[in-house]
Amino acid sequence: MFTKVNSKVVSVDIGRTGPVVARKGAMLFYKGEVLFQPHQIAGGGMGGGMPGMGAIGGMAGRMLAGEHESTMIAQGNGEVHYGYRGIEVHIVDLGQVGGTIRVEASRLLAYGANLQASVVSVASQGGGGGGGGGGLFGALRSAAAGVVTGQGMFTTQVSGPGQVVILGHGGVFELEVSPQKPPVTVDPQAFVGAFGQVTTTLRSTVSWRNVGRTGGEAMQLECAGQGVVYVQASEEKL
């Protein structure tokens with residue numbers, strides 16, 4: 001579907017593959033008759049009517065609105081080229097049967113419109129920030145983790161058969177995660193996303209015994225389960 005033109009640009013023939021969704025501002029140029037329209041990603045949020053949420057639920061709803069990137073859908077007959085700020089691109093194949101990838105919103109460049117995309121809570125999904133646990137405490141834990149690591153309370157989930165294009169400063173590494181192997185530990189600011197049945201747990205290396213002696217790596221993201229973790233070769237944010 002997507003073709004890598006070079007390390008920073010992908011192209012797609014939407015006349016052959018169908019409509020494509022991409023982050024606003026990512027279109028570089030196109031050939032043919034192509035129409036671009038605003039697109040809205042569904043919001044999974046914290047789950048309607050979650051007991052005990054109260055003000056936290058309202059805060060989560062407001063944060064959800066601000067923790068995903070505006071997107072555009074391209075339709076018609078032509079070839080479109082995408083890139084963003086000269087950052088390296090990486091194509092993830094979810095397969096013909098289909099799979100699920102969770103990716104930081106700022107790292108998602110483009111995907112086929114046939115895929116199902118939604119903004120989901122990292123607490124309710126058991127991954128990406130707070131170390132598991134839903135409800136009030138899961139939400140609070142995720143909020144605190146987001147402040148410390150730069151990740152938010154929400155992440156973008158894309159599912160189905162097809163391809164997804166992600167972004168990474170300095171390129172993207174694929175790290176296999178398996179129950180038969182030790183967990184993969186990642187700097188939270190280098191984490192891009194995860195494919196498959198991968199759970200992420202935020203851990204602190206700071207204790208009262210080593211305060212001030214952690215070497216700057218106070219928070220780490222432990223990835224376990226079955227799948228692939230995507231890590232950029234930098235701690236730089238978008």
Under a 3.5 Å distance rule, please check whether T156 uses its side chain to pair with a backbone N or O of E104 as donor and acceptor. no

Pairwise salt bridge (charged side-chain N to carboxylate O under 4.0 Å, His left out) hits with a residue in residues 171-183, at least two apart: E176-K181

With sequence neighbours left out, which residue pairs that include part of residues 8-17 fulfil the salt bridge (charged side-chain N to carboxylate O under 4.0 Å, His left out) condition? none

Residues two or more places apart in sequence or in another chain: which of them pass side-chain contact (heavy atoms from CB on, under 4.5 Å) with V172? H90, I166, Y230

Are the aromatic ring centres of Y82 and F2 under 6.0 angstrom apart? no

What are the two closest non-hydrogen atoms of K4 and V10, and how far apart are they? CA-CG1, 4.2 Å

Could you tell me the separation between the CD1 atom of I73 and the CD1 atom of I14, rounded to the nearest 0.5 Å? 9.0 Å

Please round to the nearest 0.5 Å and tell me the distance separating atom CG of L35 and atom CE of M72. 8.5 Å

Tracing side-chain links under 4.5 Å among I, L, V, M, F, W and Y, which residues wind up in one group with V9? V5, L28, F29

Within the side chain of S118, is there an N or O that forms a donor-acceptor pair under 3.5 Å with the backbone of V120? no

Just grab all the side chain to side chain donor-acceptor pair (under 3.5 Å) pairs involving residues 105-116, residues at least two apart or on different chains. R107-Q232

Only counting residues at least two apart or in another chain, list the ones meeting side chain to side chain donor-acceptor pair (under 3.5 Å) with Y84. R23

Applying side chain to side chain donor-acceptor pair (under 3.5 Å) to E33 and not counting sequence neighbours gives none

Trace of the side-chain contact (heavy atoms from CB on, under 4.5 Å) decision for L94 with I101: CA-CA 8 Å; L94 302 184; I101 182 172; 4.1 Å; yes

Are T3 and V12 packed together at the side-chain level, in the sense that at least one heavy-atom pair is separated by less than 4.5 angstrom? no

Scanning both residues in full, the closest heavy-atom pair of V177 with C223 reads CG1-O, 3.9 Å

Honestly curious: do L221 and L175 fall in one hydrophobic cluster under the side-chain, below-4.5 Å linking rule? yes

Going through the distances and angles, do V229 and V198 end up as a side-chain contact (heavy atoms from CB on, under 4.5 Å)? CA-CA 8 Å; V229 173; V198 177; 4.0 Å; yes

How long is the span from the CD atom in Q220 to the OG1 atom in T185, to the nearest 0.5 Å? 6.0 Å

Output for pair (Q37 CD, Q75 CD), nearest 0.5 Å, gives 5.5 Å

T100 meets the side chain to side chain donor-acceptor pair (under 3.5 Å) criterion, sequence neighbours left out, with S159

Minimal heavy-atom distance between G162 and D93, with the atoms involved, is O-OD1, 3.4 Å

With F173 via ring pair (Phe, Tyr, Trp, His ring centres under 6.0 Å) - residues at least two apart: none

Between L109 and A26, what is the shortest heavy-atom contact and its length? CD1-CB, 3.5 Å

Which pair of non-hydrogen atoms, one from P188 and one from L202, has the smallest distance, and what is that distance? CG-CD1, 3.9 Å

d(S7 OG, E88 CD) to nearest 0.5 Å is 5.0 Å

Minimum heavy-atom distance between G112 and M1, given as atom pair plus value: CA-CE, 3.4 Å

Sequence-distant partners of E79, salt bridge (charged side-chain N to carboxylate O under 4.0 Å, His left out), two or more places apart: none

Listing request: all salt bridge (charged side-chain N to carboxylate O under 4.0 Å, His left out) pairs with a residue in residues 222-233, at least two apart in sequence or in separate chains. R203-E222

With sequence neighbours left out, the residues meeting side chain to side chain donor-acceptor pair (under 3.5 Å) with H39 are T71

